[in-house]
Structure formats: structure tokens, C-alpha cells
Amino acid sequence: MPKAEKRSQNGDKAHKNVEFARPSSTQRKRFKQHLSKKKVAEGIKNGTLFEATIRYNASDTTQAFCTVDGLSKDVFINGVEMQNRSVHGDIVVIRILPEDQWYESSSGNRVSSRKNSSQVEVTSDSDADTLSMMSAVRGMLEEVSLSGPEKINASGIERIRHTLENERCGWRATGEVVYIKKPSERRASMVGFVRQERGLVFVPSDSRLPKGYIENTDFKCDDSSRGIVKNMENYYEASIIAWNEKDGFPRIKVKSMLGKPGTLETDIQALLKAEKIDDGDLFDEEVLKCLPETPWRIPQNEYSQRRDLRTHRIFSIDPETAKDLDDALSIEPLEHGKYRIGVHIADVSYFVKTGSKLDEIAQQRSTSVYLVDRVIPMLPRMLCEELCSLNPGTERLAMSIIWDMDNSGEIMDVWIGRTVIKSCIKLSYQQAQEVIDEFESTGRIPSSSKVTELRIHGGHSESDIFHDIINLHKIAKEMRKARVANGALRLDNAKVAIKLKEGEPEDFFLYQVGSANHLVEEFMLAANISAATFISSRFPDRSLLRRHPEPNMEKLQTTASLISSWAQDSPSIDTDSAGSIQASLRDLAQFYKDAPEVLETITFMCTKPMQMAQYFNTGDVEIREQWKHYALSVPLYTHFTSPIRRYPDIIVHRLILAALRKKSKPKLGVASVSEVAEHANERKLAAKVIQERVTNLYLVKHLRDYPRVFIATVCGLGGPRFFDIYVPDLGVDIRIHAQEIFLPGGRGLRTKWISEKRTLHFSPTDNGLIINRKAKRLEQTISNAHAIDPEKLPFEMTPFSRVAVVVYGKYGEFGNLDTLAATIWLGLNHST
């Protein structure tokens, strides 16, 4: 495998191992011509061509991968010519190459026995799946399998799968890009830097994207006569405007300068630009004209068209600071131990009229984005926080799902329809948790004096509300138990939250998820499942559902084998199904009951082979088995419960309404269900990336100013050169290279790898090193130097061993706040 070249100090990246040179009119064609639309359609129909999203390896962009439904391994797109001017995130059409050009995953051997100088060892897909905007950050792995609207030809896939599972077991198919069906939105909004390299070159900060030529007519130099750019240290926003068959690189248009990296706001703006997310909640006048005049009241005719639930005891449970309250709950006892339980969701579709400018912007944004210091809403705040929000004491329009259930959560009957509600109280998760904790510890429902003062509307009593919470809690526990028994999988990883002071990160903490969160989650899941069942039975050819593909089985089985080899006496991980993985984790929890950090590390490792759930149009996926949700272990699932912040939920509401009105062809909006699903997948991924990256920025900033000592767990050993750690208190993994370990006092550090024992041995040496200035700075700024005992040399490190480390933030190669780094904690006194 050709090793990925490292970036030079000026930030240039190795792009496809091609010498950078400007195009010439006499230059021969570098790439094949893309196929015509007609030939593409014919190829997809007859099963010789396949549609997929292409993903580039961040460490080596000569390697790219495509996930094709029906194949257990990604198709490998090897080299510039085979990638054929595609860009990370493009929806492309690929042709599978002949078998003599396939590769054995582990050895890099081609099927053909003849010598070939270009044999390649395929790297782990994790490189291709690392989500990063500024540079690769470990531990943020996502496998994205986004199927486009073309129907899959099973016969073509079956032939390839049969070959891979029988004649070529253990091999990987290779392919070539023959058509770019939908260019990635990243082409229109790249963020990076300008460099001088045989002319002006744009270098994206996302290493998966190509650098390219900047024509002088497109970019104003500070000194155009000399071709010198004085602001090379700044971020620039740019777009790809052309990439023809002769050019090894695309032509780039620089659009604007964003500022100098290294400050929180500039780095955040660069991330937002890279993901094409508008910062702020300003909406065009045409959009705002779609809003009703205020003060607004429910029109009288709506009461006669809806079920009136205003006198029912309905309440919401949300984060304390939440303003967009889009879900509420109710419960009332029936005869024979039964209950009537309601999930009531803001009727956003009433306000967002099909085909309106408001509908158009909502579909375009697709999701609200929640950052550390701000929320970028999908809809104007008048809707999010006022007219749609289920605020207590206020009549609101809702879409409700109401079940008759027994006390185990088994559904006897279901009703779905439009309602008018009036929430009696907004409870925080903490308030609901206090009620549950009191009940669990004493068996009694608490009095009002035991919880935070509550403001209740509608004449309902605290006692009744507390009884409702406990009844919902007891039923939710049974529902959760039944889901797990039915094969559901839940991989909970630590999630960091940032505490701010005057806009700066003051501290961080881990999100705490308790029984109150689980209570709400169970009923929201049930509502989503009921909605999916309802719409798919009425509109099997055009329902917007959400599926979760199986994990990358090759990577999952490799991870399971690795974990078993590291702890040979521990229970093994059964990868046959989501349920078997969950059962294995329960066995491991018992085995590691005295070392919970090891279980956290194993759980974290098991999340990496998992794929992202995705929206899809049922009419585009003929094989019904592929509709299922792997982690939830249910055949049908969708999103219904958050229309204030997710556009797909609005479409689901419209489908429900069309079904209730017995319409055969529902009017859904400005785009088809397939287009909505495709765009929503892309926007949801962008929102996820930006939320994680911005949180990481704040964490890097804080730990750069105040490095901290943690206990970490070893989760990977790379011989004598490096090792990987998982830090439970941060929920991240970090790679530590041996040569980067700070050993104060000028002494050297010797490492010895004992392969048969999977042990890395550390010992001091008198071959002195130059005193590391970074080590001295760390010593002066560590915020909890005396909280954790340092490691004492010599010592040994094995998989899953505990190690004291210092975690700190550092600037990336472009000067941006980018990376968490770590070193072994060896104390302040310099002695060993």
C-alpha cells in the first residue's frame, strides 16, 4: 500500500500522489469521459452499474470507498484515474472492475497471479470514514451508506456477492467511477488556505477534498504584479467551478476571506461555511410573510376538526433550558389495569404550508443545529419557541398518538389524529428524575416539599402529576426490557458538555442520562414506530421511513476477535445480531464489574463498525428486509416526534394527515420523498459533524489553557511506535506516539515491544533529550496535577491496562484550534 504522504509545514497535503502542475491545452486527457445519462440508466437497470456515495480516505486520498447495498464489504476505488474527478460525498455511479483487479483485504494481493507493481494493501475503512472538517480527529468514525433513488438490481449484486462469498472469499471488489450523479455540496463550499505552488493553489483544510488551481482572474492577490498572497495565514472559502478530463486537479474560485484561525469564533465560522450551514436565525422577508399575524389564536373551526384534549393532564419533560417544546405526554388509568397513554407532538405542518417559501427554507435547512453557545433553528423562532412550542398554560395544535396499553407496555389499541391540547406544566429532566429517585429509593411517591417548586396550570395537582410520572416510568421500564429481549442494541458512549463563562469554556462535564430520559425516549420510540407502521401501510410506495443498516461485519468481527484476544478469559462478543451483541455486553459488564472503564472502552470500540441510520423512500427499496432498523430491531421506523427541528417529521405528519383524509396522492412539499430523504441525510450528517466539531473546539481551547490528568484505558498497541487510549471522562480516543511522550528533566525514554505478550515496555535511559519546552509549559498549567498519581518508570502497558495521561489541546497545522493530544503522566518532580 502506498503510504500517505505527510503535509508539509506550509499546509500542502499529498493529493492523490500526483505532481501538481497547471493544465496545458496540448496535454493529453487524464481521465475517461463520464458515461451519458442514458447509458447510466441502462447499466443500473441491467445490474452492471451501481449508485453509491463515495468516501475518501483522509490519510491517503488515492483510496476511496463506496458502500453498495447487498455487498458486505465496501467497493475499493483505487487511484486517481479510477476516481475520475469525483469528490468526497458525491453520489456517483460505479462499475465493478474485472476480478483480476480485485484485492485480498489483508495481503493486498490481486486475484491475478501475474506480477503487478501497483499491488495495494487496503487500509482500514476507518480512515475513509473519519469525519473531520479541519483535520482528521480520531474517535469520530461514521460509516455512511446513503442509497440514492435508483432501485437496486438484485441480480447484478447477487452475482458479485456470490463471487465474494464463495470463489473469492476474503477479497474486496474494486470499481471505477463512470458518472457523477449528484455532486457533493462540499464542492460549492470548501474552507482552506492559499499557497504558492507553481502558481496560486487552494488547499482545503478537510484532507479528503482536492486542492486545485486558482486563476488570477478569480482571486485578487495583495500584490497581483508579483503573484504574492500576503494573507496566507487566513481561512478562505472557495468552490470547485470546473474539472475537465485533462486536468489532474480542479479549477477553484476563491469566494471570500474568513479570517485568521486560532480563535473560537473564526474556527466555528469556518466549520459552518464548510458544512454550508447559515449561522443565525435570520429569514428572508418572503419566508416571514408565511407566518400568521400576532397575536395568534387557534381558529374556531379547528376545534370542531380535532379531538379536544385541553382538559386532559398533559405535560412535557425537557432539558431545563429548552424553548422549542415539541412533545408532551399524558396517561390515564382505565379498567382492568389498563392505561391510555398519549404522545402529543406540535402540529408544525399546520403552519408550514406545502409548497410555501417557509416550506422551501425548512426543507433546505432540514434540521436545527445545536452548538455549545447557540442554536441555529430550522424555522423562525416565532414558530419554534411560540406558536408551535407546547408551552404550559397555552392552547396548542398537536398531532397525537394515543394507545391503550397494559402495564407491561403491550399495545391493545391505537388512535392517531389531530388534537388541541393545553399542557399543564413544563418539567425538566431533573425534576422528573427527583420524583423517580424518591420512588425507587423509598417506594413512595414524593410530596411537593421534596422537589423543586412547580408551576402548574389547569387546576391539576402535584400529586396527580407525580403519579403520572411514576406510572409512565414503570411502563417505560417494561417496554425497555421487552425491546432488549426482542434484540435491540444500545451502545451508550460518554458525551461531553461545555460550561461557558462569558463565551469562553470554563469547564466541561459529561451528560447524565437517567430514568427520566429513558421514560421519554421509550414513548417517543413507540410513537415513531406507530407512525411508521401507519404511513407505510397506507402509502407503501412513497413513505418516508428511517432504516439502520447492519454494521460493517468485517470490521465488527475483527473488533470482536481483537477484544477476545486481548482478554482471553473474558466472554466473547457474539456478532450474529444486534441482540447477541447486547447480550455479550451484559456478560462483559458482569465480567468487568470491578473495572467499568474497560467495559466503556469495549463499548466505544464496538460503535466504530456501526453505520449511520438513514432516511429513505419505501418506493426506492424493493427488498422489504432492507427497511428494518438494526439497532432497534424493528421492521419499521420513522421520525415523527420532532417536527420543530426536523423536516422529515413534517413530511411524516403530512403523510399521516393524507392517510386520515384517505387521499391516494398526498401533496408533500417542494421536493419528492426521495429528494427529501437524500437531502435530509446529508444535512443531518452535516449537523452531527458541526455539533461534534464545535464541542471539540471548546474542549481543545479549555484543555490547551488548562491541561488535565486523566485515567485512560489502552485500546490499541502499535508495537514500539505508538499506542491508543480511550479516556472515559472525555468519551474520546487519542493516539500517543512514543517519540512525543514528554519526559521532563532531559532524560530519554526507551520503548521495547514484546510481541508474544502484546506488551509495550517503557524504561528511562541516560541518552538525554533536549528539554522539551512543551513539557515545561504543561507542568506549569496542569489543573489537577496532584489528583492522580503519576506513572513510575519502568512500567509495562498491555491492552485494557490503565494508564495516567495528561490530555491537552493544541493548534492544528493551519493554526486552528483543532486537536486533543496526550502524553503519559510522569509527574512534576522529574525523578524516576
Should the heavy atoms of other residues, nucleotides or ligands under 6.0 Å from NE2 of His467 be counted, would the total exceed 12? no
Within the distance-only criterion (no hydrogens, no angle test), does the side chain of Ser389 pair as donor or acceptor with the backbone N or O of Glu386 below 3.5 angstrom? no
Heavy-atom side-chain proximity of Lys608 to Thr559 below 4.5 angstrom: no
Electrostatic pair Lys474-Glu478, nearest N-O below 4.0 angstrom: no
Tyr630 vs Met610, side-chain contact (heavy atoms from CB on, under 4.5 Å): CA-CA, chis, key distance, verdict: CA-CA 10 Å; Tyr630 175 81; Met610 297 297 160; 4.2 Å; yes
Could you tell me if the side chain of Tyr303 sits less than 4.5 Å from the side chain of Arg310, heavy atoms only? yes
Do the side chains of Arg313 and Asp468 get close enough for a salt bridge, i.e. N-O under 4.0 angstrom? yes
Can you establish whether the number of heavy atoms outside Lys481 located under 6.0 Å from its atom NZ is more than 12? no
Heavy atoms only: give me the nearest Asp327-Thr641 pair and the separation to one decimal. CB-O, 4.2 Å
Check ion pair Lys338-Glu335 (N to O, under 4.0 angstrom): no
Contact check, side chains of Leu329 and Leu519, non-hydrogen atoms, under 4.5 Å: yes
Taking atom types as modelled, find out whether Ser530 and Asn528 have a side-chain donor-acceptor pair closer than 3.5 angstrom. no
Nearest heavy-atom contact between Val652 and Ala531 is CG1-CB, 4.3 Å
Can you name the one residue among Leu387, Leu383, Leu397, Leu379 that meets side-chain contact (heavy atoms from CB on, under 4.5 Å) with Val348? Leu379
Any sub-3.5 Å donor-acceptor pair from Arg306's side-chain atoms to Ala398's backbone N or O? yes
Heavy-atom side-chain contact between Glu521 and Arg480 under 4.5 Å: yes
Over 60° means perpendicular and under 30° means parallel, so classify the ring planes of His639 and Tyr615, tilted if in between. perpendicular
Working to the nearest 0.5 Å, report the span between CD1 of Ile602 and OG of Ser570. 6.0 Å
Do Ser515 and His473 have side-chain atoms, one donor and one acceptor, less than 3.5 Å apart? no
Measure the CG-SG distance between Asp326 and Cys388 for me, rounded to the nearest 0.5 Å. 9.5 Å
Is a side-chain N or O of Gln611 found less than 3.5 angstrom from the main chain of Glu550, in a donor-acceptor match? yes
Other residues, nucleotides and ligands only: do more than 12 of their heavy atoms fall within 6.0 Å of CD on Glu440? yes
Atom of Ser368, atom of Gln691 and distance for their closest heavy-atom approach: O-OE1, 4.2 Å
Evaluate the ring planes of Phe616 and Trp627, with Trp represented by its six-membered ring, and classify them as parallel (under 30°), tilted (30 to 60°) or perpendicular (over 60°). tilted
